[in-house]
Amino acid sequence: MSKDYQPSSKPYRGRIAPTPSGWLHLGHAATFRMAWERARQAKGTIIYRTEDLDPARYRDEYDSGAIEDLHWWGLDWDEGPDCGGPFEPYQQSRKLEVFKAALDKLKSMGLVYPSAHSRKEIEAANPAKSPVNGDIIFPPDLRLRDPSDAIQDEVNWRFRVPDGRWIDFNDNRLGPKSFKAGTDFGDFIVWKKDDWPAYELGVVVDDHDMQITEVVRGEDLLMSTAKQLLLYEALGWQPPQWYHCPLVIDPETGTRMSKTHKSMGLRALREAGHAPGLQLEAYFETQED
Ligand code: GLU
């Protein structure tokens with residue numbers, strides 16, 4: 001199996017897509033570097049996109065901090081904020097109408113339904129758990145059969161998954177992958193009750209809108225790819241290629257790096273006087289496959 005991007009008729013377009021809800025750590029840096037390298041190897045374009053669709057967790061300093069830290073780390077990009085070119089910043093929050101149009105399309109096809117159930121109510125329904133990650137599968141009994149029955153304000157909108165169907169795809173690093181709808185994952189939220197798009201819809205609509213040809217991201221999002229493929233199919237769009245990077249393990253704790261591992265933050269490393277960017281190879285020893 002080749003780990004290279006499979007050339008398609010379209011020129012390569014990749015993206016670096018941080019969520020400004022915390023400082024970036026070495027796990028992000030490894031993934032974003034891979035996204036950058038693959039775009040550069042393919043002589044393509046790499047864009048920068050701020051995934052700022054969660055106002056409750058958004059902070060300005062994380063947003064500008066991500067750009068500063070990634071520049072320090074040695075990455076650059078061809079479109080997006082602060083890249084020295086005449087480019088408008090790509091901020092998802094500036095194009096809510098594009099996401100809304102996709103939601104409306106899903107609504108008109110009857111593929112999503114409003115769901116007012118709280119987490120407590122879902123748990124009380126004794127839901128199945130995903131064998132992949134232990135997440136709760138939204139109980140099919142709680143599905144709304146007739147959307148006109150529901151209060152449609154301040155509700156989550158869920159995508160109804162085709163129970164029992166295997167969703168297959170090829171990952172450019174890991175090879176063939178498949179997940180079973182209804183068993184590995186259930187009806188997932190595409191629009192949140194705070195009236196903002198949920199991640200799964202936001203990322204699909206934006207990757208399509210920005211004509212991304214290969215999505216490079218962490219392995220923790222592998223199953224999200226199966227959900228997202230259902231959205232591509234529903235919306236009638238051609239999906240990009242996929243490359244899921246290994247997760248970086250914190251050498252001290254042996255666990256996956258997260259925003260709580262402050263010492264591994266790019267900002268902390270920089271302030272501690274580490275050499276920037278691509279010279280921090282030692283941290284990646286644990287992630288070789
Ligand atoms: N915004 C996500 C992150 O910061 C990446 C999502 C994606 O690449 O699809 O981890």
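Counting begins at 1 with the first residue of the sequence. Given the structure is predicted, the values throughout are model-derived calculations rather than measurements. In listed order, ligands and their atoms are each counted from 1.
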Thr45 and Asp78 side chains, donor-acceptor separation under 3.5 Å:
no
Which pairs count as salt bridge (Lys or Arg N to Asp or Glu O under 4.0 Å) when at least one residue sits in residues 216-236, sequence neighbours excluded?
Arg165-Glu233, Arg173-Glu219, Glu200-Lys227, Asp220-Arg256
Per-atom filter on ligand 1: closer than 4.0 angstrom to a heavy atom of Ala17 are 1 (N), 2 (C), 3 (C), 4 (O), 5 (C)
Using a strict cut-off of 4.0 Å, indicate which atoms of ligand 1 neighbour a heavy atom of Glu51.
1 (N), 2 (C), 5 (C), 6 (C)
Taking only residues at least two apart or on different chains, which pairs with a member in residues 175-206 satisfy ring pair (Phe, Tyr, Trp, His ring centres under 6.0 Å)?
Phe159-Phe188
Going by distance only, is there an N or O of His28 that falls short of 3.5 Å from an N or O of ligand 1?
no
Please classify the Val203 to ligand 1 contact at 4.0 Å (heavy-atom distances, strictly less than): side chain, backbone, both or neither.
side chain
Parallel under 30°, tilted from 30 to 60°, perpendicular over 60°: which one fits the rings of Tyr232 and Trp237?
perpendicular
